Amino acid sequence: MNIKILAIGKTDSRELQELIDIYTKRLNFYVKFQIDIIPDIKNSKNLSEAQQKEKEGDEILKRLQPTDLLVLLDEKGKNFTSVQFADYLQKKMNAGTKQLVFVIGGPYGFSEQVYKQAQGKISLSLMTFSHQMVRLFITEQIYRGFTILRNEPYHHQ
Ligand SMILES: C[S@@+](CC[C@H](N)C(=O)[O-])C[C@H]1O[C@@H](n2cnc3c(N)ncnc32)[C@H](O)[C@@H]1O
């Protein structure tokens with residue numbers, strides 16, 4: 001199974017990007033993992049929230065393959081412990097998923113169309129994080145999940 005993160009806009013923090021790079025490198029030892037960045041929508045200042053979400057949604061949906069499993073990162077999604085999340089990853093691999101795509105929304109979240117097409121929603125916390133931080137948190141949690149599946153001494157209950 002491949003795992004992809006789709007996110008909108010470049011990370012403007014060098015420190016965050018360095019950490020994302022560290023976990024991406026570690027994760028690639030276990031699974032083919034990549035982060036695809038959708039460029040910021042042009043002239044977004046002239047758009048309403050709904051228009052911006054719509055445009056971002058179109059960009060997200062046009063990057064998906066028909067066999068992708070689309071899972072949104074969303075505060076209102078399902079909560080997992082890290083061990084439960086590791087089990088979730090294992091189940092997706094057992095089910096023969098070709099590519100699991102986690103999508104991080106823009107400043108206003110997702111369009112209705114993206115919600116309609118999603119096959120799941122996962123929350124990292126009831127609190128809202130910046131979309132840039134979410135990239136790091138989900139990458140670290142996927143890495144943590146694989147170390148749990150391999151019984152490696154990274155996660156401690
Ligand atoms: C600044 S938040 C947008 C918040 C907005 N209120 C919404 O309705 O989604 C940007 C993106 O970061 C992600 N995000 C932020 N906090 C999250 C959390 N606790 N769990 C999962 N994803 C989160 C989501 O993908 C969200 O669309």
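Whatever order the structure lists them in is the order used to number ligands and atoms, beginning at 1. This structure is a prediction, so every number in the text was calculated from the model and none was measured.
- The nearest protein atom to atom 21 (C) of ligand 1, hydrogens excluded, is given as Asp74 N, 3.3 Å; this is a heavy-atom distance.
- Neither the backbone nor the side chain of Leu72 comes within 4.0 Å of ligand 1, counting heavy atoms alone.
- A parallel orientation is assigned to the rings of Phe146 and Tyr30, their planes being inclined by less than 30° (bins at 30° and 60°).
- Of all protein heavy atoms, the one closest to atom 7 (C) of ligand 1 is Gly109 CA, 3.7 Å.
- Look at Phe137 and you'll find every heavy atom at least 4.0 Å from all atoms of ligand 1.
- Taking the six-membered ring where tryptophan is involved, the planes of Phe137 and Phe129 are perpendicular, since the angle between them exceeds 60° and thus also 30°.
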Show your reasoning for whether side-chain hydrogen bond (donor to acceptor under 3.5 Å, both in side chains) applies to Tyr154 and Glu140.
CA-CA 11 Å; Tyr154 177 74; Glu140 194 271 347; 2.6 Å; yes
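- A salt bridge links Asp87 to Lys91: at least one charged side-chain nitrogen sits closer than 4.0 Å to a carboxylate oxygen.
- The shortest N/O to N/O separation between Phe129 and ligand 1 falls below 3.5 Å.
- Shortest contact from atom 11 (C) of ligand 1 to any protein heavy atom: Gly105 O, 3.4 Å.
- The contact set between ligand 1 and Met127, taken as ligand atoms under 4.0 Å from a residue heavy atom, comprises 16 (N), 18 (C), 19 (N).
- Taking every heavy atom of Ile122 and a limit of under 4.0 angstrom, the matching atoms of ligand 1 come to 21 (C).
- Counting only heavy atoms of the protein, atom 20 (N) of ligand 1 lies nearest to Leu124 N, 2.9 Å.
- Of the protein's non-hydrogen atoms, the one nearest atom 8 (O) of ligand 1 is Tyr108 O, 3.9 Å.
- Heavy atoms from other residues, nucleotides or ligands lying under 6.0 Å from CZ of Phe29 number 12 at most.
- The pair Lys4-Asp36 meets the salt-bridge criterion, with a side-chain N (NZ, NE, NH1 or NH2) lying under 4.0 Å from an Asp/Glu carboxylate O.
- Between Glu75 and Leu126, every side-chain heavy-atom pair lies at or beyond the 4.5 Å cut-off.
- In Val134, the part holding a heavy atom less than 4.0 Å from any atom of ligand 1 is the side chain.
- Nearest protein heavy-atom contact of atom 17 (C) of ligand 1 is Glu75 CG, 3.8 Å.
- Environment of CE in Met133: sparse, with no more than 12 heavy atoms of neighbouring residues, nucleotides or ligands closer than 6.0 Å.
- At distances below 3.5 Å, at least one donor-acceptor pair connects side-chain atoms of Ser123 with backbone N or O atoms of Ser125.
- At a 3.5 angstrom cut-off on N or O pairs, Leu126 does not count as close to ligand 1.
- With distances taken over non-hydrogen atoms, the option nearest atom 12 (O) of ligand 1 out of Ile8, Ile104, Val103 is Ile104.
- Among protein heavy atoms, the minimum distance from atom 24 (C) of ligand 1 is reached at Leu73 O, 3.0 Å.
- Atom numbering of ligand 1 starts at 1 in the shown order; those under 4.0 Å from a heavy atom of Gly106 are 3 (C), 10 (C), 11 (C), 27 (O).
- The heavy atom nearest to atom 3 (C) of ligand 1, out of those in Ser130, Ser123, Pro107, Ser125, is found in Pro107.
- Within a 6.0 Å sphere centred on NZ of Lys55, other residues, nucleotides and ligands contribute 12 heavy atoms or fewer.
- With hydrogens and angles ignored, the 3.5 Å screen pairs no side-chain donor or acceptor of Asp68 with any backbone N or O of Leu64.
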